[in-house]
Structures are given as C-alpha cells and as structure tokens.
> 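Attaching a single structure in structure tokens format; questions to follow.
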There are 2 protein chains.
Amino acid sequence: MSTFLRPRVPDVQNADSAWAICPFCGPHKQCLPPDVLEPYATRLGHISGHRRVARGDYLYRAGDAFTHLHAIRSGDVKTSRVSADGEEQIIGFNMTGDLLGVDAIHDGRHRCNAIALEQSEICTLSFTPLQELFLFMPRLLQHFLQLMAAEIARQQNAIILLGNTRTEQRVAAFVISLASRYLALGYSPTRFRMRMSREEMGCYLGMTNESISRALSNFRRQGVLNVDYRDLEILDIAALRAAAAGLV
Amino acid sequence: MSTFLRPRVPDVQNADSAWAICPFCGPHKQCLPPDVLEPYATRLGHISGHRRVARGDYLYRAGDAFTHLHAIRSGDVKTSRVSADGEEQIIGFNMTGDLLGVDAIHDGRHRCNAIALEQSEICTLSFTPLQELFLFMPRLLQHFLQLMAAEIARQQNAIILLGNTRTEQRVAAFVISLASRYLALGYSPTRFRMRMSREEMGCYLGMTNESISRALSNFRRQGVLNVDYRDLEILDIAALRAAAAGLV
DNA sequence: CGAATGTTTGAAGGTGATCAAATGGGGTGG
DNA sequence: CCACCCCATTTGATCACCTTCAAACATTCG
C-alpha cells in the first residue's frame with residue numbers, strides 16, 4: 001500500500017461504549033481485523049449510530065434516499081424488492097456482521113427493502129463522512145472494497161444456484177449456507193433455528209413453500225436432517241453436501 | 001466532497017493515443033464524465049495497458065491471481081464459472097464499456113473465467129496503483145464505488161429474473177436488456193446481432209437451448225420479434241415489454 | 001383461549017427438460 | 001474463393017418435475 005498516506009488518526013481511547021466500534025460489526029469484528037479497527041474506532045464512532053428494530057420493521061425502503069449503510073449487530077434481516085405486480089421478491093437473508101445498502105451507492109437511492117425477521121440491533125453509518133475517511137485510511141478503503149467484492153461473489157453463487165440446480169440440490173445448498181454462516185459467527189452449525197418462513201425461503205430460492213417443505217421432509221426421511229418447523233438439525237453433513245453438489 | 005484532498009494531477013496534454021484514456025471505457029466515456037476524466041487521463045494512462053483477444057480467448061481464468069481489472073473497449077465477453085462436475089455456468093455477458101474482474105478484489109484471486117465471444121479490444125488496469133490513485137482522486141474513487149454498486153444491482157436483477165419468472169418472460173427480459181445496452185452504446189436497440197449461442201443464453205437464463213429457441217420462435221409467430229439465427233429485430237417493443245413484465 | 005398464520009401432505013395438471021432428427025450456417029482447409 | 005464438414009438451430013414427441021389447488025394440523029400471538 002501507499003506509504004505517503006498513512007492514517008493520521010489520534011490514538012485516543014474510546015471505551016465508553018461498545019457501540020462506538022460497531023460500524024464494522026461490533027463484537028465479532030469479522031469485517032475488520034482488530035489491529036486495523038483499533039486506530040479507526042474513534043473516527044468511525046463519530047459517524048455511526050444505532051437503532052433497535054422489531055420483527056417486521058423496515059431498516060430502509062426501496063425508493064428511500066441513501067444516506068447510511070446499515071450493519072447488523074445482532075438479529076436477522078431480509079432484503080427484498082417488490083415487482084411491478086406487487087409481489088415481494090427476496091434478494092437475500094442477512095445476519096450478524098452483514099453490511100446492508102451498498103447497492104444504493106450506485107445512484108444514491110435504495111432499490112431494496114430491508115426488513116427485520118426478528119428483533120435486531122442495527123448500526124448505521126453515515127456514508128458521506130465514511131467516504132472522506134477512506135482518503136485517510138487506505139486499509140479501511142481496501143477493506144470496504146473487499147466487502148463489496150464479496151457481496152458480488154455471493155450474488156454470483158446465488159445466480160448459479162438459481163439457474164443450474166434442482167429443488168433438492170438448491171435447498172441443500174441453502175441449508176449449508178446457513179450452517180456455514182452460523183459457524184462463522186460462533187454458533188452451532190448443526191443445530192439452529194431458521195428465521196424465515198418456508199414462503200420466504202421459497203421466494204428466495206425460486207420455488208414454492210410446498211416444494212421447500214417437501215424437500216426438507218425428504219431429507220428428514222433419509223436421515224439427513226431433523227426438521228421441526230423452524231428448528232433444524234443436520235444429522236448427516238456428508239449426505240447434505242453430496243446433495244448440494246448435485247450427486248443426489 | 002472533501003476539500004483537503006484535491007487532485008494534484010499535472011494538467012498535461014496526453015493526446016498521443018486514445019488508448020491512454022481507455023481505462024474507463026475509452027471513446028464512449030460512459031464510465032466517467034469527461035470533466036472528471038480529463039485531469040486523470042495522464043495518471044490513468046500510466047497504469048493501463050491493452051490487448052487484443054480473438055474469439056474464444058481467455059481474458060483471465062478462474063484461479064488466476066488478481067492483478068488487473070479488465071475493461072472492454074470493444075467486443076463482447078462472457079464470464080463463467082465451472083462447477084464441480086465440470087459444467088460451465090455463465091454468470092453474465094458483457095460488452096463495450098463494462099469493467100470485469102471486480103469480484104476478484106474480495107480475495108485477490110479470480111473466481112470466474114472471462115472469455116471473448118468475438119474479437120475484442122481489452123484495456124487492463126493495474127489495481128494496486130489504481131488503489132493509490134483513489135486516495136488522491138475522490139471523484140475517481142466515488143465513481144469506482146458506484147461502478148461496483150451498479151454491478152451488485154445488476155446481479156440483483158438477474159437473481160429476480162432467475163427466481164421469479166417463466167421462460168418466455170425471462171427471454172423477453174433478456175432481449176430487452178440487450179437492446180437497452182446497445183442503445184446506451186449508441187447502436188440500434190431494435191436491430192442487433194446476438195453474440196452468444198442459444199446454449200450460452202440458456203446457460204445464463206437457467207434453461208435449455210431448445211427452450212430459448214422455442215421462446216424466440218413464439219415471439220416471431222406473434223409478430224413481436226424477427227429472428228434469423230443470431231440476427232434479431234424487435235418489431236413490437238410494447239408487446240415485448242408486456243411479456244417481460246409477466247403480463248403475457 | 002381463539003383466530004390467524006405457517007406447515008405438512010395429497011392429488012392433479014402444466015411447464016419445461018430430455019431425446020431425437022432434420023435443416024441451415026459458418027469456419028477451415030484446399 | 002469454394003466446398004466440405006462440423007456445429008448451431010429449429011421443431012416434434014414424450015416424460016419428469018414442480019406448481020397449483022386443496023385440506024388437515026400445528027404454532028404463535030393477540
């Protein structure tokens with residue numbers, strides 16, 4: 001990286017609140033390595049806020065002017081768009097550590113709704129001052145670019161999933177995706193509660209809630225999963241992986 | 001924007017070659033407004049190169065180390081990934097003005113293949129020096145962020161298309177997408193040649209080449225399109241839009 | 001505790017995939 | 001420049017998969 005522009009952030013302690021360092025994912029710090037985060041914490045704290053949202057609340061709506069990025073500190077959120085005929089179409093599910101709203105950088109207007117699936121804590125980041133911080137903090141900028149690129153890569157996976165797989169394969173891949181994200185957050189990857197309805201899963205995966213239900217039931221009959229409504233346990237991860245790879 | 005970091009680029013004429021200003025899309029300049037581009041041209045020129053590729057050539061391969069971004073100066077390119085079972089899965093089609101490879105910023109390694117659909121002219125942009133330029137050129141950075149966000153938005157459209165539409169609707173939307181991109185490039189939006197095979201279209205749209213062919217034939221029978229192999233003419237844009245909106 | 005919503009399972013029907021074959025272009029080598 | 005061959009495209013027939021419609025049951029939240 002360039003040596004001529006080194007962060008000139010004062011090395012001030014800022015321990016008054018955990019919220020102050022939340023903009024890049026708070027306690028888990030998975031978005032930004034601690035050694036990078038530390039000197040930025042103070043400045044980032046100045047441009048961030050936080051809110052609590054209840055199940056069903058909107059973080060932002062399609063059409064809203066884009067002013068802030070939204071980071072999930074805890075909880076689960078879905079992002080969706082509403083088509084011309086008024087039907088909701090889910091773009092993705094997000095959980096602790098995810099950063100929402102970057103797509104709105106394009107034209108300064110949100111094109112998605114972000115809706116809480118349960119009570120959640122949200123950090124808001126004012127984007128204009130963040131952009132100015134980038135000029136002082138090359139590693140912060142680099143990190144942000146990597147974040148956006150990771151989002152693109154994730155969406156590529158979704159495109160492949162939707163275009164080139166059958167229902168059971170798709171559901172298996174989705175369950176594995178959830179498991180690996182819970183693992184990354186330090187939760188059990190084999191037992192967790194799915195926060196979205198079958199309807200919402202189906203909307204995201206391009207199938208009906210009935211097909212989702214049937215696929216999960218099939219996996220249960222095969223001894224691969226233990227499904228009790230939204231509680232899920234992975235019994236045979238190898239078989240699940242095989243199903244996700246299309247080896248049926 | 002910040003006033004303390006204004007571009008300090010020497011105002012040097014740099015007219016020796018059109019290639020020198022190619023990094024952000026050359027003659028069409030659609031990526032960067034001329035008044036922004038002008039002062040950057042010299043510096044950008046220093047970090048850019050160019051190549052000519054023939055039909056079937058790889059711009060880069062999945063697994064390659066990421067060093068350069070690739071901008072299409074002319075021609076058409078497809079990006080794809082190869083699944084575990086060795087099948088090609090097309091992520092997108094790109095044409096003049098598109099910037100490829102941003103997804104590799106995530107971990108410094110390309111995850112896609114980029115393959116020329118026909119003879120093309122490609123600009124290469126060394127990413128490390130570009131990152132340093134960002135620190136001097138806030139508007140260039142802002143523009144780049146907008147570019148990446150636009151890519152995310154485009155992929156969201158693809159996800160919706162794949163998940164929530166039927167074949168005819170999907171094909172109609174694809175044709176409209178091609179038309180609007182040709183329009184933006186100054187070409188006829190109603191008569192153009194499709195650069196990809198039915199097979200490749202199908203792979204991208206999550207259907208078989210036969211289904212693509214049938215959908216196009218149906219539109220021809222209805223007087224909506226004139227299809228002659230890869231040559232396409234839009235006869236009834238209103239009907240096509242209606243089909244793309246799912247109003248069948 | 002009751003109503004509304006979410007989930008499971010069944011049966012029937014439609015859409016798109018698969019298999020197959022004929023036709024037409026385009027690229028390559030002579 | 002032409003002819004050939006390979007491959008893309010079109011069209012048809014059959015079939016599997018998933019959707020649709022329907023009903024029973026569980027859960028959650030007021």
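Chain letters run A, B, ... following the sequence lines, proteins first, then strands; residues in each count from 1. This one's a predicted model, so the numbers in the text were calculated from it and none came from an experiment.
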> Parallel, tilted or perpendicular: which one describes the rings of A:His70 and A:His110, with boundaries at 30° and 60°?
perpendicular
> Looking just at side-chain N and O atoms, do A:Arg221 and A:Asn218 make a donor-acceptor pair shorter than 3.5 Å?
yes
> Dump the pairs, protein N or O against N or O of nucleotides 21-28 of chain C, anything under 3.5 Å, distances to one decimal.
from: C:dG24; atom 1: O4'; to: B:Tyr229; atom 2: OH; distance (Å): 3.2

> Measure across A:Leu216 and A:Val227 and return the closest heavy-atom pair with its distance rounded to 0.1 Å.
O-CG2, 4.0 Å
> Between B:Arg170 (CZ) and C:dT15 (P), how many Å, whole number?
14 Å
> Between B:Thr167 and C:dG16, does any side-chain N or O lie under 4.0 Å from OP1 or OP2?
yes
> Between A:Arg230 and C:dG6, is there a side-chain N or O to OP1/OP2 distance below 4.0 Å?
no
> Could you tell me whether A:Ser211 contacts a base, only the sugar-phosphate backbone, or nothing, with contacts defined as non-hydrogen atoms closer than 4.0 Å?
base
> Side chains of A:Arg230 and A:Ser197: closer than 4.5 Å at any heavy-atom pair?
yes
> So A:Phe66 and A:Phe127, would you call those rings parallel, tilted or perpendicular, with 30° and 60° as cut-offs?
tilted
> Please determine if a side-chain N or O atom of A:Ser213 lies less than 4.0 Å away from the OP1 or OP2 oxygen of C:dT7.
no
> Mind checking if B:Gly202 touches a base, just sugar-phosphate, or nothing, with heavy atoms under 4.0 Å?
nothing
> Within a 6.0 Å radius of atom CD on B:Gln119, are there more than 12 heavy atoms belonging to other residues, nucleotides or ligands?
no
> If only side-chain N and O atoms count, and only distance matters, is there a donor-acceptor pair under 3.5 Å linking B:Glu87 with A:Asn164?
no
> Check for a donor-acceptor pair, side chain of A:Arg51 on one end and backbone N or O of A:Leu59 on the other, with a separation under 3.5 Å.
yes
> Round to a whole Å and report the spacing from CD of B:Glu210 to P of C:dG16.
14 Å
> Distance check needed: C:dT8 P versus A:Asn209 CG, whole Å only.
10 Å
> Can you tell me the distance, in whole Å, between the CG atom of A:Leu216 and the C1' atom of C:dT7?
11 Å
> Rounded to whole Å, how long is the line connecting atom CZ of B:Arg166 with atom P of C:dA17?
11 Å
> Could you check whether the side chain of A:Arg214 and the base of C:dG10 have a donor-acceptor pair of N or O atoms closer than 3.5 Å, going by distance alone?
yes
> Mind checking which nucleotides bracket the chain B contacts on DNA chain D, 5' to 3', with an atom under 4.0 Å from a heavy atom?
D:dA8 to D:dT20
> Assess the side chains of B:Arg198 and B:Ser213: does a donor N or O sit below 3.5 Å from an acceptor N or O?
no
> Between A:Met196 and B:Met207, just flag the one whose closest nucleotide in DNA chain C comes earlier from the 5' side.
A:Met196
> Output the rounded distance in Å from CD (B:Glu87) to P (C:dA17).
13 Å
